[in-house]
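Quick notes on the structure that follows.
Positions are given from 1, in the same order as the sequence printed here.
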Amino acid sequence: MVMKDPNNTRNTMPRRGSPLWSYFVVVTLLGVAACVAAPAGLLTGPDVDALAGDPLFWILGVLIVAGELRPIITPGSTENSGASTSTTFSFAALLYAGLPIAVVLRAVALVTCGILWGRAPHRIAFNVAQYTLSLGAAWLVLGLFGHHPAPTATWVPGGPDLPVIALAGAAYFLCNDTLVATAIALHERVPLLKALRWDLGYQVLVHLALLGLAPLMVVAMDRSAAFVPLIVLPFIAVYLNASVSVRREHQALHDGLTGLPNRKLLTVRTEEALNEVRSALGTRRAPRRPSGTRPARGPGRIGARRRAPEEPRQRAGLFLLDLDRFKEVNDTLGHATGDRLLQLVAHRLTHSVRPGDLVARLGGDEFAVLLPAVRDEAAAREVAVRLRAALSEPVRLDGMTFDLEASVGIALFPDHAPDFDLLLQRSDVAMYNAKESRNGVEVYSPGKDRNSPARLSMLGDLRRAIDRGELELFYQPKIALHDGQLVGMEALLRWRHPDKGVLEPAAFLSIAEQTYLMRSITHHVVDAALAQTAAWWREDLTVQVAVNASGRDLLDAGLTETIENGLRARDLPAAALQLEITERILMNEPAYASETVGALAELGIPLSLDDFGTGYSSLVRLKRLPVEEIKIDSSFVRRLTTDPDDAVIVRSIIDLVRTMGLRSVAEGVEDGATAARLREMGCDAAQGWHFGRPMDAATATDWLRRRMERAPEPAA
């Protein structure tokens with residue numbers, strides 16, 4: 001079983017005029033010239049007749065082609081780095097019948113294999129030249145010792161000839177390995193000596209095994225062509241055993257859908273890259289390479305992947321890439337279409353990275369890209385922008401066109417993290433910052449990291465605060481502008497921190513929203529608000545209490561049950577509680593269309609849309625969302641009397657809300673002039689310090705009692 005390497009970019013033609021392109025041209029011309037000259041100059045008419053009439057050579061040809069098509073893939077290698085048994089058969093052909101037959105058979109096999117595997121013409125030509133020159137080097141060594149085999153004068157070596165064969169094999173190996181290592185060094189931009197040393201031990205062992213079997217093959221060929229297939233049986237056994245091992249390793253290290261490396265293999269490759277950077281910086285740490293993985297470079301394959309470092313290399317980069325709104329594709333068109341889209345994304349990513357970079361799939365619509373060598377943040381951004389540009393090309397599937405977008409987070413070693421785990425975590429932080437800011441690409445910044453030590457410490461305190469009852473609700477009134485009637489009370493969460501005093505939500509909710517604690521906090525707030533509402537209603541202080549809910553809360557199927565049970569236990573109608581959601585919820589299709597929203601509407605819980613004007617609302621979605629009021633964001637209201645543009649915005653919102661038959665509520669009203677202007681514009685209600693600051697439960701209760709005792713006045 002041959003495993004395709006989706007990160008293989010060797011089919012890309014080198015840039016014309018580049019060192020790699022020049023090297024390809026020189027080697028290919030030399031090899032093709034030798035390939036043409038060898039049969040033309042060394043094969044005679046009788047030799048051709050001998051070849052055509054001897055079934056042995058036809059069998060050899062089939063075996064060499066089969067060996068090229070089905071290399072023995074061992075764990076840690078790919079189709080470009082497997083042990084090709086055609087090396088054994090072509091070297092045996094060289095020993096037995098000379099250079100022309102070996103060159104012709106190997107060239108036919110390489111061209112056939114290249115076409116069937118879809119390799120680029122420049123790769124096929126280079127491989128033909130590479131093996132022709134390597135076989136030529138071995139043939140020159142044989143000639144120096146007086147051995148000139150030909151189809152009509154075959155040579156069967158004896159025991160004393162083994163040293164000569166060993167020298168010929170060494171010449172073949174050195175020539176082949178040098179040609180491949182030079183191409184890889186130019187392709188990966190690494191020093192030649194480092195490319196030669198990278199997996200030299202593995203290459204020596206592989207060639208010893210493959211070339212060492214050639215003399216035995218020659219002896220069998222001389223005895224009878226019938227013995228040749230018997231030599232193949234051990235290869236078949238090794239091939240089948242290796243295939244099982246490779247299949248298991250591939251399943252363990254690769255994603256089943258896209259064929260990309262998974263998190264485990266990404267960890268290994270990143271550790272290798274970080275060790276190379278440490279080595280370049282003089283802080284080498286012992287590499288950690290699991291068994292069964294090695295740098296993938298096979299016996300004489302230009303298509304092999306290398307991860308040797310560039311000298312000097314100062315940084316390695318890790319990208320985390322997440323597709324925007326991909327869940328909508330799965331929900332709308334089904335997972336089959338979503339899977340095909342992920343496969344297309346994987347293809348685009350692997351063909352947009354630089355040579356040597358690694359693309360992995362971590363799960364769902366989340367991908368990672370490893371840059372073993374990157375100059376600085378600017379260079380990393382360039383790669384990230386190129387990836388986003390490649391993904392942004394329209395995709396057509398099932399008769400529909402998709403516009404893909406992605407958010408990319410970048411973290412660099414050693415700038416942002418000292419090891420893989422922290423590098424991945426910080427690229428994840430940067431990716432979420434990119435989503436929130438809608439910039440598309442973000443480099444990790446400690447100032448934007450919600451997982452800083454101080455924040456993590458606060459998270460532990462917050463977890464304990466829930467159990468200790470340190471979370472408390474304050475209440476702020478909403479007042480009708482036309483008659484001064486109380487419209488409702490908004491419950492505002494506060495944390496009575498034992499050391500830092502009373503903290504507002506901005507100081508801690510951003511941390512909770514990233515964790516499971518948010519669910520516990522929301523349920524605690526709902527329960528506390530319902531308990532206080534019931535206490536007020538028992539005193540005939542019948543007021544509606546509003547509670548803030550996040551988009552994540554609306555995806556919590558248990559929220560509706562909690563509210564329903566709380567209302568029933570306290571004998572409260574559904575209208576006693578109102579849920580406030582931010583305008584940004586309209587940008588999140590799964591949240592606003594969730595079953596929770598429908599269940600809340602069916603239960604009779606009114607919804608209020610908070611911070612209106614700060615997002616990008618779709619009027620269609622706004623109309624479909626079961627809300628009863630729109631709250632105008634305080635950023636517009638506070639400048640209402642001083643900024644004509646904000647006044648136009650506020651008036652437009654009020655008119656829109658009235659047209660839709662909803663109630664408009666202005667937030668952040670801090671003076672009488674603003675309240676009067678809002679009343680003139682036709683705004684229904686307002687809240688802010690002008691009407692009352694947030695109050696704890698006891699103070700709010702006293703305020704309600706006093707207000708109920710006197711007749712309300714129009715808000716001024």
Side-chain angles (χ1 to χ4, degrees), residues 1-16 20-21 23-39 58 60-73 77-91 93-94 99-136 172 175-184 186-187 203 206-207 210 235 239 259 296-306 347 350-351 355:
M1 178 179 179
V2 179
M3 300 300 178
K4 294 289 186 180
D5 181 5
N7 286 287
N8 188 354
T9 60
R10 300 308 193 264
N11 266 342
T12 304
M13 181 68 181
R15 179 175 52 84
R16 183 178 294 272
L20 180 59
W21 181 86
Y23 176 73
F24 265 49
V25 170
V26 171
V27 172
T28 301
L29 290 177
L30 289 175
V32 170
C35 185
V36 173
W58 293 99
L60 269 180
V62 171
L63 293 178
I64 292 175
V65 171
E68 283 293 330
L69 288 174
R70 286 290 181 265
I72 298 176
I73 311 296
S77 60
T78 67
E79 76 272 13
N80 294 309
S81 59
S84 175
T85 56
S86 57
T87 297
T88 299
F89 302 130
S90 59
F91 194 67
L94 174 73
L99 179 63
I101 181 61
V103 167
V104 169
L105 293 178
R106 193 65 185 268
V108 170
L110 288 167
V111 172
T112 303
C113 178
I115 293 174
L116 293 177
W117 280 106
R119 293 192 176 118
H122 75 276
R123 289 183 61 193
I124 298 175
F126 183 89
N127 288 146
V128 171
Q130 155 199 345
Y131 284 113
T132 298
L133 294 175
S134 301
L135 289 168
Y172 174 93
C175 180
N176 190 50
D177 203 55
T178 302
L179 289 171
V180 174
T182 303
I184 290 175
L186 292 172
H187 189 272
Q203 294 298 314
V206 168
H207 278 83
L210 294 174
F235 285 124
Y239 174 84
R297 178 184 143 218
R301 299 278 178 167
I302 185 58
R305 291 200 64 80
R306 298 293 295 263
H347 176 80
T350 54
H351 286 77

When Ile64, Val65, Leu105, Leu63 are each screened for side chain to side chain contact (heavy atoms under 4.5 Å, CB included) with Ser86, the one that passes is Ile64
Which residues satisfy the side-chain contact (heavy atoms from CB on, under 4.5 Å) test with [X], sequence neighbours excluded?
X: Val27; result: Tyr23, Phe126, Ala129, Leu133, Leu179
X: Val25; result: Trp21, Leu29
X: Val26; result: Leu30

Side chain Thr350, main chain His347, donor-acceptor under 3.5 Å:
yes
Donor-acceptor pair, Thr88 side chain versus Leu210 backbone, under 3.5 Å?
yes
Heavy-atom side-chain proximity of Tyr172 to Thr87 below 4.5 angstrom
yes
Please give me the minimum heavy-atom distance between Leu110 and Ile124, naming the atom from each residue.
O-CG2, 4.2 Å
Working to the nearest 0.5 angstrom, can you tell me the gap between Arg106 CZ and Leu94 CG?
11.5 Å
